[in-house]
Amino acid sequence: MDEELHERIREVIAGVPVGKVATYGDIASIAGAPSPRMVGRVLSEDGHDLPWQRILRANGTPAPHLAHRQLELLRAEGVLADGQRVNLRTYRWRP
DNA sequence: AATTTGACAATGT
DNA sequence: GACATTGCCAAAT
């Protein structure tokens, strides 16, 4: 049910390996979410224990309010960002 | 009950 | 690359 969706989204996010990243759209598609907004909503509400820093927007740029922190965390994990943008072609997670 | 808002994406101009 | 439009769904006001 709706809780499962919530859990699936968390599951997929948790499944992203270190050193890789995924986009909201990818998570939504893999988890079966009706819209990528659900992913963002889950993270904002319940993403405190998840690797939210590995989730980027479709163009490789992180969410505006987190950008600075997120890039820092990613850098610590080995994901190098070009200024504000991450090379999805290099770091995008593919199942 | 109706509108707005929000960790978004795809397409067109 | 910037800007506008459309689709999307749940929670807050």
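Every chain is numbered from 1 and lettered A, B, ... according to where its sequence line falls, protein lines coming before strand lines.
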Per A/R41 side chain, nearest of listed nucleotides C/dC9, B/dA7, C/dA11: C/dA11

Note, A/V39 side chain near A/R41 side chain (heavy atom, < 4.5 Å): no

Let me check something: any side-chain donor-acceptor pairs from residues 69-80 of chain A under 3.5 Å, sequence neighbours excluded? List them with distances.
from, atom 1, to, atom 2, distance (Å)
A/Q70, NE2, A/W52, O, 3.3
A/Q70, NE2, A/Q53, O, 2.7
A/Q70, NE2, A/I55, O, 2.9
A/E77, OE1, A/R54, NE, 3.1
A/E77, OE2, A/Q53, NE2, 3.4
A/E77, OE2, A/R54, NH2, 3.3

Value in whole Å for how far the C1' atom of B/dA10 lies from CG of A/D26: 14 Å

Nearest atoms (heavy-atom pairs only) where A/L56 meets A/L88: CD1-CD2, 4.1 Å

Co-members of the apolar cluster containing A/V18 [side chain, <4.5 Å]: none

Length of the CD1-C1' vector between A/I9 and B/dA7, whole Å: 12 Å

A/D26-A/T23 side chain donor-acceptor pair, cut-off 3.5 Å: yes

Pairwise C1' distance, C/dC3 and B/dA7 [rounded to whole Å]: 22 Å

Partners meeting side-chain contact (heavy atoms from CB on, under 4.5 Å) with A/A67 (sequence neighbours left out): A/P62, A/Q84

Non-neighbouring partners of A/A33 that pass side-chain contact (heavy atoms from CB on, under 4.5 Å), sequence neighbours left out: A/L5, A/I9, A/A28, A/M38

pair A/I30-A/P95: side-chain heavy atoms closer than 4.5 Å: yes

C1' spacing across the pair C/dA12 / B/dA1, given as an integer number of angstrom: 14 Å

DNA chain B-proximal residues of residues 47-75 of chain A, any heavy atom under 4.0 Å: A/W52, A/R57, A/A58, A/A63, A/H65, A/L66

Protein-nucleotide distance (A/E45, atom CD; B/dG6, atom P), rounded to Å: 15 Å

Residues touching DNA chain B, which here means a heavy atom under 4.0 Å, drawn from residues 83-95 of chain A: none

Candidates C/dC9, B/dA7, B/dA9 - which lies nearest the side chain of A/S35: C/dC9

